[in-house]
Amino acid sequence: MSILKPSLLDFTQKELMEQIKPSFRVKQIFGWLYHQYAQDFDEMKNIPKALKEELAQKFIVNPMKIIRKEISSDGTIKYLFELQDGKTVEAVWLKMKDEQRDENDELIQEAKYTICVSTQVGCKVGCSFCLTAKGGFTRDLTAGEIVAQVVNLKRDNDHKHNRKINIVYMGMGEPLDNLTNLAKAIEIFQEEDGLAISGKRQTVSTSGLSSKIDKLGEMDLGVHIAISLHAVDDELRTELIPMNKAHNINSIIEAVKRFPIDTRKRVMFEYLVIKNKNDDLASAKKLVKLLSGIKAKVNLIFFNPYPGTTYERPSRADMIAFQEYLTNHGLLCTIRDSKGIDISAACGQLKEKTEGEL
Ligand code: SAH
Ligand code: SF4
């Protein structure tokens with residue numbers, strides 16, 4: 001089913017100005033969308049009724065609604081959204097840093113948050129460890145549906161438009177498989193009169209479509225990339241990520257070397273650690289070799305099991321030994337905190353749970 005009406009969130013300010021006159025109204029509407037987080041035309045108080053009625057013929061405001069929410073004790077909130085055609089996707093509100101107060105209880109620094117967004121309903125890549133892959137691919141999200149996840153989460157958490165937020169494209173779907181809409185969303189997020197989230201605050205995570213990494217680089221949007229590497233040899237990587245056959249490790253490393261990166265920054269390599277698969281020090285050694293010559297940062301992720309998977313979570317001791325090996329050999333490496341471990345934290349798990357209950 002196609003989306004019946006586009007959302008106002010699908011467009012850059014310039015594009016809206018081509019469709020809506022006079023253009024100062026577009027500035028006002030932008031304020032309603034991105035500063036007030038309006039859900040529908042009724043909320044747009046200073047827009048004339050006639051214009052609102054005209055707009056409502058062509059556009060909708062918010063293309064999705066929250067249908068489920070799980071709140072973790074660590075501040076992580078996982079959302080399930082229903083789209084216009086009834087399909088569902090997830091987004092996650094992650095608390096990265098607690099607020100800081102001095103001895104007089106005065107606020108020194110506000111808490112820091114990151115939003116993890118989805119780019120597709122399902123995914124074509126079919127990784128063997130990923131729950132999203134199990135349901136196959138349904139459709140790409142529109143730019144507006146990507147943008148709306150951030151607008152809705154900021155609204156739901158009462159997060160002012162000018163408070164800083166980071167975006168990671170690490171929810172459901174392969175962002176580079178929906179490059180046109182992804183690039184449009186990145187651009188809309190950057191709008192000065194909108195959310196003004198710079199490329200530096202946006203990280204695209206990819207399973208490694210190397211040709212699309214080049215395309216994203218050519219677009220020069222100023223975003224960071226994170227590569228879901230997960231394995232150091234092609235045999236295991238192909239078992240985990242079938243499309244590694246077409247885009248092997250070497251082609252990804254070459255594409256990363258060509259990617260325009262802020263000289264002060266590093267490329268993040270995500271390494272999902274699965275017990276007895278890739279958690280040994282021989283793999284760590286190969287990883288050091290593979291990434292030599294790249295300004296890299298490795299993020300080790302505990303595999304998060306779900307019912308029906310044969311893969312297992314690695315032990316903390318093996319994880320730490322792996323990290324120590326990398327650090328001792330000069331690679332910057334963090335272990336990703338399992339945020340929201342008490343809720344359905346990994347990609348696709350809340351959706352799966354909800355559909356199981358329906
Ligand atoms: N498709 C993109 C972005 C979405 S997946 C990609 O693959 O990079 C985001 C991250 O979640 C990836 O690094 C993926 O490997 C990880 N992931 C998927 N299933 C997981 C699981 N069961 N436990 C832990 N991480 C998982
Ligand atoms: Fe798709 Fe990423 Fe899941 Fe692989 S890990 S199936 S690329 S969402």
Side-chain angles (χ1 to χ4, degrees), residues 76 78 89-92 94 114-141 146 149 167-179 181-182 185 202-210 212-213 216 223-231 236-247 249 252 255-256 267-275 277-279 297-314 319 334-341 343-353:
T76 304
K78 184 131 190 175
V89 285
E90 300 174 1
V92 191
L94 295 149
T114 292
I115 298 178
C116 172
V117 301
S118 292
T119 51
Q120 296 179 315
V121 181
C123 186
K124 284 181 204 160
V125 180
C127 300
S128 57
F129 53 82
C130 173
L131 196 51
T132 297
K134 302 277 179 271
F137 173 75
T138 306
R139 71 168 172 88
D140 285 333
L141 293 188
I146 298 172
Q149 295 170 58
I167 297 173
V168 291
Y169 298 90
M170 287 186 189
M172 307 173 75
E174 168 50 51
L176 296 188
D177 202 19
N178 184 14
L179 185 56
N181 296 345
L182 171 80
Q202 303 187 48
T203 303
V204 176
S205 174
T206 177
S207 54
L209 296 169
S210 36
K212 298 284 184 69
I213 294 174
L216 179 70
V223 288
H224 293 305
I225 46 167
I227 306 292
S228 289
L229 192 64
H230 306 337
L236 177 62
R237 195 164 192 275
T238 303
E239 178 194 320
L240 300 175
I241 310 175
M243 63 118 202
N244 186 67
K245 272 203 206 90
H247 302 270
I249 296 178
I252 297 170
V256 167
V267 178
M268 157 111 82
F269 286 84
E270 292 164 283
Y271 190 90
L272 178 72
V273 188
I274 305 173
K275 188 174 176 177
K277 279 276 174 197
N278 61 0
D279 59 350
K297 182 167 77 180
V298 175
N299 197 1
L300 300 176
I301 312 166
F302 280 96
F303 171 67
N304 203 354
Y306 48 86
T309 180
T310 51
Y311 296 132
E312 291 173 62
R313 191 182 163 85
M319 199 74 163
T334 50
I335 295 180
R336 187 186 292 173
D337 291 341
S338 298
K339 287 195 182 300
I341 197 85
I343 57 173
S344 319
C347 170
Q349 293 186 350
L350 183 60
K351 178 181 167 86
E352 186 77 4
K353 195 160 143 187

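In listed order, ligands and their atoms are each counted from 1.
When the heavy atoms of Ala133, Pro175, Ser228 are ranked by distance to atom 8 (O) of ligand 1, first place goes to Ser228. Among Phe129, Tyr271, Tyr169, the residue whose heavy atom lies closest to atom 19 (N) of ligand 1 is Phe129. The heavy atom nearest to atom 7 (S) of ligand 2, considering only Leu176, Leu209, Val125, Thr132, is found in Val125. Considering only non-hydrogen atoms, atom 5 (S) of ligand 2 lies nearest to Cys130 out of Ala133, Pro242, Cys130.
In the vicinity of Thr206, heavy-atom distances shorter than 4.0 Å reach the ligand 1 atoms 6 (C), 8 (O). Contact atoms of ligand 1 toward Glu270: 13 (O) (distance under 4.0 Å to a heavy atom of the residue). Each of the following atoms of ligand 2 lies closer than 4.0 Å to a heavy atom of Gly173: 8 (S). Less than 4.0 angstrom separates some heavy atom of Gly171 from each of these atoms of ligand 1: 4 (C), 5 (S). Atoms of ligand 2 lying under 4.0 Å from any heavy atom of Ser207, numbered from 1 in the order shown and given with element: 7 (S). Set against the non-hydrogen atoms of Cys123, the atoms of ligand 2 under 4.0 Å away are 1 (Fe), 6 (S), 7 (S), 8 (S).
With sequence neighbours excluded, the residues satisfying ring pair (Phe, Tyr, Trp, His ring centres under 6.0 Å) with Tyr271 are Phe322. Every salt bridge (charged side-chain N to carboxylate O under 4.0 Å, His left out) that Lys277 has, sequence neighbours left out, goes to Glu239.
Between Asn304 and ligand 1, at least one N/O pair is under 3.5 Å apart. Polar contact check, Gly173 against ligand 1: a nitrogen or oxygen pair lies under 3.5 Å apart. Considering backbone and side-chain N/O atoms, Ser205 comes within less than 3.5 Å of an N/O atom of ligand 1.
Here the side chains of Leu179 and Leu209 are not in contact, with every heavy-atom distance at 4.5 Å or above. Residues Tyr311 and Leu240 form a side-chain contact, since some pair of their non-hydrogen atoms from C-beta on lies under 4.5 Å apart. The shortest distance between side-chain heavy atoms of Val204 and Lys212 does not fall below 4.5 Å. Contact check for Val223 versus Tyr169: no side-chain heavy atoms found under the 4.5 Å cut-off. Taking the side chain as every heavy atom from C-beta outward, Val125 and Phe137 never approach each other to under 4.5 Å.
Atom CD1 of Ile225 and atom CG of Leu176 lie 8.0 Å apart (nearest 0.5 Å). In this structure, CG on Leu229 lies 11.5 Å from OG1 on Thr206, to the nearest 0.5 angstrom.
Between His230 and ligand 1 there is a heavy-atom distance shorter than 4.0 Å. Heavy atoms of Cys127 stay at 4.0 angstrom or farther from ligand 1.
A salt bridge links Lys78 to Glu90: at least one charged side-chain nitrogen sits closer than 4.0 Å to a carboxylate oxygen.
Residue-level proximity to ligand 1 for Phe302 is carried by the backbone, the only part with a heavy atom below 4.0 angstrom. If you look at Val125 next to ligand 1, there are no close heavy atoms at all, none under 4.0 Å. With a heavy-atom cut-off of 4.0 Å, Glu174 touches ligand 1 through backbone and side chain alike.
For Thr119 and Glu174, the side-chain atoms include no donor-acceptor pair closer than 3.5 Å.
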